[in-house]
Amino acid sequence: MWTDPDKDPRHPEGPSPDGELATLQDFLAGYRMTLRMKCEGLDAEQLARRSVPPSTMSLLGLVRHLAEVERDWRNWITDGDPLPKLYGRRDGDFDGAVGEQSVVDAAFADLEREQAATDAALAAHPDLGERLGKDRTSVRELLVHRIEEYARHCGHADLLRECVDGRVGQ
């Protein structure tokens, strides 16, 4: 087991949250925590280790990718000019994921900052049915899509971590 089920921080004791918004936020928080847990205890080289050639996927690349995606979701809810990409060109999030501690530190700082900014932007719109941005995307759809994105990449993180040190888990 990845972690003792009785001590798993993703599953606190007590009832689950009440309401749709709180439930969606709880699932998002759980997947965010899972990604961090999959990266814990690894050095910069291990975090940057690619899965299988020619793939550029790595745990560090996933962290950078999710920071980029969080930023892009804010573009969905605004009518203004899009925010610039964090890592430049397409696939810069994965291509630039190199085994240097400064890159690792920056990636986790970017992820934390972009998550907080997207959370704050969506907090201004508590009505899940409200439609935002040029495409009139509902807040509900944005939240569900964020959960889907993290869940999919947590599955990738499971496999990537197993390739690094054999550790598997829930």
Side-chain angles (χ1 to χ4, degrees), residues 2-3 8-40 47 51 55-97 104 106-162 169-170:
W2 188 266
T3 186
D8 191 333
R10 297 167 297 176
H11 305 290
E13 290 186 28
S16 60
D18 287 329
E20 185 180 6
L21 178 58
T23 299
L24 292 170
Q25 291 169 331
D26 186 57
F27 270 87
L28 180 60
Y31 283 119
R32 285 175 169 176
M33 190 179 303
T34 297
L35 179 68
R36 287 189 176 277
M37 291 171 70
K38 295 296 176 177
C39 295
E40 286 176 353
L47 287 167
S51 57
S55 176
T56 58
M57 190 175 287
S58 66
L59 287 165
L60 180 57
L62 287 177
V63 170
R64 289 167 51 100
H65 172 71
L66 286 165
E68 191 78 78
V69 168
E70 287 281 356
R71 174 173 275 221
D72 188 50
W73 282 322
R74 290 199 310 284
N75 290 330
W76 292 17
I77 64 176
T78 183
D79 293 322
D81 291 333
L83 296 165
K85 288 191 159 295
L86 285 173
Y87 305 112
R89 63 182 172 71
R90 181 178 166 89
D91 293 330
D93 42 3
F94 287 102
D95 292 337
V104 170
F108 279 99
D110 290 345
L111 180 60
E112 187 173 315
R113 182 191 65 245
E114 296 302 322
Q115 286 172 337
T118 304
D119 290 347
L122 285 174
H125 306 281
D127 176 358
L128 294 175
E130 182 181 356
R131 296 195 169 272
L132 306 171
K134 295 172 188 154
D135 294 332
R136 310 308 299 155
T137 305
S138 74
V139 173
R140 179 181 291 103
E141 183 180 347
L142 286 165
L143 284 168
V144 170
H145 187 66
R146 290 170 82 198
I147 293 165
E148 178 272 333
E149 184 89 13
Y150 277 90
R152 182 165 34 97
H153 290 315
C154 282
H156 295 131
D158 283 337
L159 297 172
L160 290 163
R161 181 65 188 248
E162 187 174 359
Q170 71 275 26

*Would you mind reporting whether Ser51 and Leu159 have side-chain heavy atoms less than 4.5 Å apart?*
no

_Side-chain heavy atoms of His65 within contact of Met57, under 4.5 Å_ = no

_Any Leu128 side-chain heavy atom under 4.5 Å of Leu24 side chain_ = yes

*Side chains of Tyr31 and Glu148: is there a donor and an acceptor less than 3.5 Å apart?*
no

*asked:* Just checking Asp18: does its CG atom have more than 12 heavy atoms from other residues, nucleotides or ligands closer to it than 6.0 angstrom?
replied: no

_Spacing of OG1 belonging to Thr118 relative to CZ belonging to Arg113, to within rounding of 0.5 Å_ = 10.5 Å

*What do the steps show when you test Ile147 against Leu28 for side-chain contact (heavy atoms from CB on, under 4.5 Å), and what is the final call?*
CA-CA 5 Å; Ile147 293 165; Leu28 180 60; 4.0 Å; yes

*Nearest non-hydrogen partners of Cys39 and Val63, listed with the distance*: SG-CG2, 4.0 Å

_Nearest 0.5 angstrom please: Asn75 CG to Lys85 NZ, how far?_
9.0 Å

*Dump the intermediate steps for side-chain contact (heavy atoms from CB on, under 4.5 Å) on Thr78 and Leu83, then the final yes or no.*
CA-CA 10 Å; Thr78 183; Leu83 296 165; over 6 Å; no

*asked:* With salt bridge (Lys or Arg N to Asp or Glu O under 4.0 Å) as the criterion, how do Asp158 and Lys38 come out once you've worked through the C-alpha distance, each side chain's angles and the decisive distance to 0.1 Å?
replied: CA-CA 7 Å; Asp158 283 337; Lys38 295 296 176 177; 2.5 Å; yes

*How long is the span from the OG1 atom in Thr34 to the NE2 atom in His153, to the nearest 0.5 Å?*
14.0 Å

*Are the side chain of Lys134 and the backbone N or O of Ile77 linked by a donor-acceptor pair below 3.5 Å?*
no

*asked:* What's the separation between atom CG in Leu143 and atom CG in Asp119, rounded to the nearest 0.5 Å?
replied: 9.0 Å

*Do Arg64 and Phe94 come within less than 4.5 Å of each other through their side chains, counting heavy atoms only?*
no

*Determine, for Arg71 against Asp93, whether the closest basic-nitrogen to carboxylate-oxygen distance falls under 4.0 angstrom.*
no

*asked:* Less than 4.0 angstrom from a charged side-chain N to a carboxylate O is my criterion; do Arg146 and Glu70 meet it?
replied: yes

_Please give me the minimum heavy-atom distance between Ser58 and Ala97, naming the atom from each residue._
OG-CB, 3.9 Å

*Whether His145 and Trp73 hold their rings parallel, tilted or perpendicular, with breakpoints at 30° and 60°*: perpendicular

_Verdict with reasoning, Val139 to Asp127, per side-chain contact (heavy atoms from CB on, under 4.5 Å)_ = CA-CA 7 Å; Val139 173; Asp127 176 358; over 6 Å; no

*asked:* Other residues, nucleotides and ligands only: do more than 12 of their heavy atoms fall within 6.0 Å of CD on Glu20?
replied: yes

*If you round to the nearest 0.5 Å, how far is NE2 of His125 from CG of Leu21?*
12.5 Å

*Heavy-atom check, side chain of Trp76 versus side chain of Asp135, under 4.5 Å*: no

*Taking atom CG of Asp79 as the centre, does the number of heavy atoms from other residues, nucleotides or ligands within less than 6.0 Å exceed 12?*
yes

*Just by distance, do the side chain of Arg161 and the backbone of Glu40 share a donor-acceptor pair under 3.5 Å?*
yes

*Taking the side chain as C-beta and beyond, is there a heavy-atom pair between Leu62 and Leu160 under 4.5 Å?*
yes

*Pairwise side-chain contact, Tyr87 with Asp110, heavy-atom cut-off 4.5 Å (strictly under)*: yes

